[in-house]
Amino acid sequence: MKNAVTFELKKTDDRTRARLGTLHTPHGDVQTPVFMPVGTQATVKAMKPEEVEKLGAEIILGNTYHLYLRPGHEIVKEAGGLHKFMNWHKPILTDSGGFQVFSLGHMRKITEEGVTFRSYLDGSKHMLSPEKSMEIQEALGSDIMMAFDECAPPEADHKYVEKSLALTNRWLKRCKDYHYETEDKVERQSLFGIQQGGFFKDLRKESSKFISDMDLPGYSIGGLSVGEPKEVFLDMMDDCPDMLPKEKPRYLMGVGSPDYLFEGVERGIDMFDCVLPTRIARHGLVMTSHGRVNIKNKQYERDWGPLDPECDCYTCRNYSRAYLRHLFKSEEILSSMLLSEHNLHFLVNTMKNMREAIAENRFPEYKKEFYDKYGKF
RNA sequence: UCCGGAGUAGCUCAAUGGCGGAGCAGGCGGCUGUUAACCGCAAGGUUGUGAGUUCGAGUCUCACCCCCGGAG
């Protein structure tokens, strides 16, 4: 039995834990460390797939929960799968709907069987379970499927997280049992496990042991970057990645600000995803090599220069800050398109620079150079 | 010229004679496995002008100014 997704670890940095690798998937290879743009509803918001590809993205995300509610996974399956449906032919990773357990807050109820949600669209009741999540993700046909987990809230205490983790582990077992039913399914898609355990390292360790024993093709770290202070995040990051197997890809879920990306890569993370670049773009904020630029600000009213003088993305090659500010203030759709393209390009390109730096044994120097220029985060 | 209506924040409008507000615009901030083209904060005023009644007037009275509609 050959796993659909395999990881080739090419190099580990001499001075840090940064890694260089390649993820082999049914829809092509992905060079790691990688940033994955998020396309929750079968679209990276405000972007055409060919633009996402052109700016260098090699893999994107889709979401089980959203696509299940609308248009329905059967319809995506009928369309020939998510790749064909949305006209994206490179790898896709689907989140399990587990995060919605956390983000939907009061609108859901957790039981042993699964989670009962109320649809944000029409209020109708739905049950998402490990088996259901797998069924949906198999219908979507993503390359990488995520296990159905509970992402505990940051304020959860040890007792709560311990129980939550035990449930997440039982759910992982059910996900695996469901997916590993036939060889055929395993060769078509791969299931990644998720490390949980809140901000308690003993639980993170316990979680890592459990999921590692499942011998899955990849693992992620969940439940971080959910509102905790940066020191707490960094403290967790000092230990959590290394609790996972070295030879498997490590995916830090939901992380996307440049500093978190650097800190993650430095500690051995291979994959990241985040809505941040596309969301803040739609809200008028961009990341540049010299720090954040809030395009709304009056100071850009007559600024004829590009967003980022060091950027060679389509937006920076062709448009001035003054024009982009005008588009944003006028609520023109093009504003979201151009700013999203820039932000995605910026993160994808920064990851590429990190890979080159690791390859050339100058990752710490590159990190310092980036931080010095970027300034406050 | 007469009749009617109206003048309150940049704009559109609220406010039984009892602490002048809202939406939008303008300024600024936040956003991290997307319920988010979203959310929040601050600022913004001699209530057209002048007089009067009243303990107290955006509100009632008078005059004037300006705007809108109608008549001539």
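Each chain gets a letter, A, B and so on, in the order the sequences are listed, and its residues count up from 1.
- For a distance-only test at 3.5 Å, the side chain of A/Thr278 qualifies as a donor-acceptor partner of the base of B/U34.
- Rounded to whole Å, the separation between the C1' atoms of B/A6 and B/G58 comes to 14 Å.
- Listed by chain and number, the residues in a ring pair (Phe, Tyr, Trp, His ring centres under 6.0 Å) with A/Tyr319 are A/Tyr314, A/Tyr323 (sequence neighbours excluded).
- Looking at A/Glu310 and A/Lys373, a side-chain N of the basic residue comes within less than 4.0 Å of a carboxylate O on the acidic one, giving a salt bridge.
- Where A/Ser336 and A/Gly254 meet RNA chain B, the nucleotide closest to each residue was compared, and A/Gly254 sits on the side nearer the 5' end.
- A/His126 and A/Tyr68 have perpendicular rings, their planes meeting at more than 60° on a 0 to 90° scale where under 30° would count as parallel.
- At a threshold of 4.0 angstrom between heavy atoms, the contacts of A/Leu93 with the nucleic acid are absent.
- Base engagement by A/Gln196 is indicated by at least one non-hydrogen atom pair under 4.0 Å involving a base atom.
- To the nearest whole angstrom, the two P atoms, one in B/U16 and one in B/C55, are 22 Å apart.
- For RNA chain B, the stems formed by at least three consecutive Watson-Crick or G-U pairs, with both atom-pair distances below 3.5 Å, span B:1-5 with B:67-71, B:10-13 with B:21-24, B:27-30 with B:38-41, B:48-52 with B:60-64.
- Put simply, A/Arg70 has no side-chain N or O that comes within less than 4.0 Å of OP1 or OP2 on B/U35.
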What pairs of nitrogen or oxygen atoms, one from the protein and one from nucleotides 38-42 of chain B, lie under 3.5 Å apart?
none

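- Of the charged side-chain nitrogens involved, none lies within less than 4.0 Å of a carboxylate oxygen, so that A/Lys159 and A/Glu162 do not count as a salt-bridged pair.
- Residue contacts shown for A/Arg108 are absent, as no nucleic acid heavy atom lies under 4.0 Å away.
- Side chain of A/Ser103, nearest nucleotide from B/A37, B/U35, B/U34: B/U35.
- For A/Arg292, whose side chain is taken as the heavy atoms from C-beta onward, the closest listed nucleotide among B/U34, B/U32, B/G30 is B/G30.
- At the heavy-atom level, A/Lys329 lies under 4.0 Å from the strands shown only through sugar-phosphate atoms.
- Here, B/A14 and B/G50 have their P atoms 24 Å apart, quoted to the whole Å.
- With a 6.0 Å radius and a threshold of 12 heavy atoms from other residues, nucleotides or ligands, A/Leu234 has its CG atom above the threshold.
- You'll find a donor-acceptor pair under 3.5 Å spanning the side chain of A/Asp149 and the base of B/G33, going by distance alone.
- Looking only at side-chain heavy atoms (C-beta outward), A/Pro277 and A/Phe35 come within less than 4.5 Å of each other.
- Across all strands shown, A/Thr40 has heavy atoms under 4.0 Å from base atoms, whether or not it also approaches the sugar-phosphate.
- Within the 4.0 Å cut-off from OP1 or OP2 of B/G29, at least one side-chain nitrogen or oxygen of A/Asn294 is found.
- When the side-chain nitrogen and oxygen atoms of A/Arg325 are compared with OP1 and OP2 of B/G27, one or more of them lie within a distance under 4.0 Å.
- Between A/Arg17 and A/Asp242 a salt bridge is recorded (basic side-chain N to carboxylate O distance below 4.0 Å).
- Note: A/Tyr260 and A/Phe377 fail the aromatic proximity criterion, with ring centroids not under 6.0 Å apart.
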